Structure formats: structure tokens, C-alpha cells
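For clarity, every value in this text was computed on a predicted model and none was experimentally measured. Each chain gets a letter, A, B and so on, in the order the sequences are listed, and its residues count up from 1.
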Protein chains: 2
Amino acid sequence: MKFSPLVDELIQSLRCLPGVGPKSAQRMAFQLLERERSSGAHLADTLAKAMREVGHCQSCRTFTEEEKCSICASSKRGNSETICVVETPADVLAVESGGHFSGRYFVLLGHLSPLDGVGPDELGLHLLEQHLASGDVNELILATNPTVEGDATAHFIGDIAARYEVKVTRIAHGVPVGGELEYVDSTTLALSFTGRKQL
Amino acid sequence: MKFSPLVDELIQSLRCLPGVGPKSAQRMAFQLLERERSSGAHLADTLAKAMREVGHCQSCRTFTEEEKCSICASSKRGNSETICVVETPADVLAVESGGHFSGRYFVLLGHLSPLDGVGPDELGLHLLEQHLASGDVNELILATNPTVEGDATAHFIGDIAARYEVKVTRIAHGVPVGGELEYVDSTTLALSFTGRKQL
């Protein structure tokens, strides 16, 4: 036995969301049908609109429904000579929450992963190269994740930037503030020693 | 800093789903925007349609977009003299998956919970009473959950059924098959002793 066709289709459709299996999808569908009809209808509207209208910022590739995102569109930051390269829009939010960076961003929307068919074109590196070629860029801060793929992507971009004689930096890796040495993995600890600074 | 207004609204809207907090909602929104535009658009369509069209079966109150659900509409089961009372449509699926029950259902869509404003009217007990009053019902099997609220609801419905001189039964409680006595809670174990049967 199954539910009615439309309820079944709703449960199946909800499974496109990450981390949602058959049981969670069923629970979501029932909660929406039982108690949250108006929220559900609102979600449907917003979702349809977002899937249709949200595109990428022409300058930094983050998600936006405008031509340029709020940072690239601002006169103060949009012409900054420092570009911070991150993997995802969520990383932009993480760096912004610190409030210490006042340049602009470039969002790769992923990292180099040849096996998954993600190459330089998918990461929009031609657009980044245009920024570098324009001569407006002074420093490129590579803030990709400290993973094997993130590091490889950072090196690849570093090689491109070297051609345009732009200063390239990589964010520091080491023991996080508030962490305890005892619980830090050995690679991070090794990096914190090689990257040590004189007091 | 925030995301663009539409992306922010999408993240907020996704939070109406049960078990979805700010981080999960963000992850869902980005996954849909990055890789699953067509699934997202399909989800939006299905969701809008389901919120608009799915109602309750006129006979058993389960979710359906038709007047009657497939069980109530079937000539074989829809006129069965045995009604099984369950709390949710998911419970119907659980009982059906066993394949041992061939009667019809009555779905309460909840349990008595006066503090949350859920009384007999919210559970559609007037509709159940109509079924009982019609004289077509021979046995009422109470399969509400074995919780305090589920038991209270079962007793309440049992009292109503007694007025119409319908046979009322409650599903058996005891040690689940495949379970080990060592790990079964004491209340269940006590019930399994009081409900013992001669071999």
C-alpha cells in the first residue's frame, strides 16, 4: 500500500533535499499537510521564484538575483584591489562574520576535482583571470579549504596569478584559538610549527 | 552581511520543515541552487499543488486528493465491518506493510492533548461516531500508540464505542519479536506478564 499519488509525489520530491531520506521526507510531508499549509505554500512560492531568478554575480560568481552582489555593487568594496578567493557563498558569510576583511571576493563554487568533471572552466577561472589581467588587483588571498582538493585548487590559482605578477597569499593554517594541543591532529600541529612566528 | 534577499528568503522558508535549522536550511538552499535547479523547481510545483489539493478522506480522514482514499474507495475493504483506529497516516502504512489486516481505518491525525487544544472535535470523533451509529461496524480495533496520550485517547474512544454496543479491542502490548528481555523496559515487561496466554 502507498499513500495517494500526490502525497507520494510530494514525499519523493522532498528527497532531492540533501540529508533527507524516505522517513524524513514522509515526516516533512505530513507536518506540512497537517499543520503548516501556509508555510508550505510560501515555501513553494519562494522555491519556484529562487530556482527561476537566482543567478550568479557577474563579478564574483556568488548567488544573487541582481547583476552584481551587494559587495561587488558597493562603490567602496567593489573596486578593492584585494580579492579573497573562497569555495562557497557560505565561506563568504564566514569571512564576513569576522569583519576583518574589507576587500572583495571571488567564489569558485567548488574546488578542482577532475574525477567529478570539475575543471578550471567550472570554477570560472577565466573570469578570475580577467580580473587579474585588468591590472586592478593588488593581492589575491587564497582562502580555499585546507583539504587536499582545496590546497590543489589554491596552487593552481597561484600559478595563474604568478603569470600576471600579482601578489598571492594563502590563509594561515595552525592550531585554532580555544583549541587544545592534545586534541589537534598531527598535520595541523606540524603546520603550526612550520608556520611559527617570532614573538 | 547576509545573502541576497531572495536567497535569504529561501533559507528562511526552508526552516518551516521539521528538523531543519539555519545551517541545514543554508546547505539545502545552496545544493538546490548549485546542482539541482530542476529538482528544486519540481519540488516547488509538487509542494504548491499538494498544499492546495490534498485534503482528508471523507470516510477515514487520511490524506488524499480524492474524496475517498484508495482503501475506503475499494468495494472490498471500504465496507468492512472492522475499523482500525490509528493516530497518523504513517501508522496506516505500518499496519498495511504487515499485510495481516484487511479492514478499513480511521485516522485521528493526532491524540487527545487538551493542553495543545486537541480535543474530540480535532480528532474527528463525531465522524467516527457516525460510523458507529450507522450499525455497519462490528469491531473497533484501537491501535493508537502505547503512550500516555495514546492510551488516554484509546480509553476515550472505547467509552464512546460502548454506547453503541460495538466490540472494542486494543492491540496487544508486550515484548517485541526479536527483542531481548534484558533490554526491554519494565513497563513493557509488566504488560507482557499481565497479557500472558496459555500455550
Are [Y] and [X] connected into the same hydrophobic cluster when the rule is that any two of I, L, V, M, F, W, Y join if their side-chain heavy atoms are below 4.5 Å apart?
X	Y	result
Leu127(A)	Ile141(A)	no
Tyr105(B)	Ile157(B)	no
Leu140(B)	Val95(B)	no
Met51(B)	Leu43(B)	yes
Phe156(B)	Val86(B)	no

Subject >> Gap between atom CG of Asp8(B) and atom OG1 of Thr46(A) - 0.5 Å precision >> reply: 12.0 Å

Any side-chain heavy atom of [X] sitting closer than 4.5 Å to one from [Y]?
X	Y	answer
Phe3(A)	Pro89(B)	yes
Val7(A)	Val54(B)	yes
Glu65(A)	Pro5(B)	yes

Quick check on the structure: residues of [range] within a heavy-atom distance below 4.5 Å of chain B, by number.
range	answer
residues 167-181 of chain A	none
residues 9-42 of chain A	Glu9(A), Leu10(A), Ser13(A), Leu14(A), Cys16(A), Leu17(A), Pro18(A), Gly19(A), Val20(A), Gln26(A), Arg27(A), Met28(A), Phe30(A), Gln31(A), Leu32(A), Leu33(A), Glu34(A), Glu36(A), Arg37(A), Ser39(A), Gly40(A), Ala41(A), His42(A)
residues 145-152 of chain A	none

With a 3.5 Å cut-off and sequence neighbours excluded, list the donor-acceptor pairs that the side chains of residues 106-123 of chain A form with protein atoms.
residue, atom, partner, partner atom, Å
His111(A), ND1, Glu87(A), OE1, 3.1
Ser113(A), OG, Asp116(A), OD2, 2.7
Glu122(A), OE1, Gly119(A), N, 2.8

Original post:
Just wondering, are more than 12 heavy atoms of other shown residues or ligands nearer than 6.0 Å to CD in Glu53(B)?
Top reply: yes

